[in-house]
Amino acid sequence: MTFEVNADAGEARFSYSPASFFGGAAVYVYNRRTGSGVIDTARPDGSVGPTLPFPAALGDSVIVSFAKEEQTVSTCIVVRQGRQSQSDICR
């Protein structure tokens, strides 16, 4: 999971590396602070993005959801520049 943050513009783009089980999923990236985000579709290999820019700043809590007919998986992450890690999960 990667965020490319443009601090001057107050926006970010989201990317996700291939994970075949997410192939074709609807992907929702929702910024809890701004109440807005972006919706995209995972490619057949499960990769996403970079998405269109959405309002975000470093330190914002963003919920990322991958939704398929049979299952939805969501994670809340604190945005930082670049690749996210386990330490960036919302507390």
Worksheet item: Could you state the interatomic distance from CZ (Arg32) to SG (Cys76), rounded to the nearest 0.5 Å?
Response: 4.5 Å
Worksheet item: Is a donor on one side and an acceptor on the other found under 3.5 Å between the side chain of Gln84 and the backbone of Gly82?
Response: yes
Worksheet item: Are Phe54 and Val29 side-chain neighbours, meaning at least one heavy-atom pair lies under 4.5 Å?
Response: yes
Fill in: Step-by-step side-chain contact (heavy atoms from CB on, under 4.5 Å) determination, Asp40 to Phe14
CA-CA 10 Å; Asp40 206 334; Phe14 171 79; over 6 Å; no
Response to the item:
Minimal heavy-atom distance between Pro50 and Ser15, with the atoms involved, is CA-OG, 3.3 Å
Worksheet item: What's the verdict on side-chain contact (heavy atoms from CB on, under 4.5 Å) for Phe22 and Val48, showing C-alpha distance, side-chain angles and the deciding distance?
Response: CA-CA 9 Å; Phe22 288 139; Val48 179; over 6 Å; no
Worksheet item: Do side-chain atoms of Arg33 reach the backbone of Ser36 as a donor and acceptor pair under 3.5 angstrom?
Response: no
Fill in: Backbone of Val5 reached by a side-chain donor or acceptor of Gln81 within 3.5 Å
yes
Item to complete: To the nearest 0.5 angstrom, please state how far the CG atom of Asn31 sits from the CD1 atom of Ile63.
Response: 9.5 Å
Worksheet item: Do Tyr16 and Val64 have side chains that get closer than 4.5 Å, going by heavy atoms?
Response: no
Practice prompt. Could you tell me whether the side chain of Lys68 and the main chain of Gly23 form a donor-acceptor pair under 3.5 Å?
Written response: yes
Practice prompt. Can you measure from OH (Tyr28) to OG (Ser74) and round to the nearest 0.5 angstrom?
Written response: 10.0 Å
Fill in: Ile39 with Ile77, same ILVMFWY side-chain cluster at under 4.5 Å
no
Fill in: Sidechain-backbone polar pair: Arg43 side chain, Gly49 backbone, donor-acceptor under 3.5 Å
yes
Response to the item:
Tightest non-hydrogen contact, residues Thr51 and Arg13, listed as O-NH1, 3.0 Å
Worksheet item: Which atom names give the shortest non-hydrogen contact between Gly46 and Phe66, and what distance separates them?
Response: O-CE2, 4.4 Å
Discussion item. With a 4.5 Å cut-off on side-chain heavy atoms, are Glu11 and Pro55 touching?
Written reply: no
Worksheet item: What pair of heavy atoms forms the shortest contact from Val78 to Ser61, and how long is it?
Response: CG2-OG, 4.3 Å
Worksheet item: Between atom CG of Asp88 and atom CE of Met1, what is the distance when rounded to the nearest 0.5 Å?
Response: 10.0 Å
Fill in: Heavy-atom donor-acceptor pair, Asp60 side chain to Val62 backbone, under 3.5 Å
no
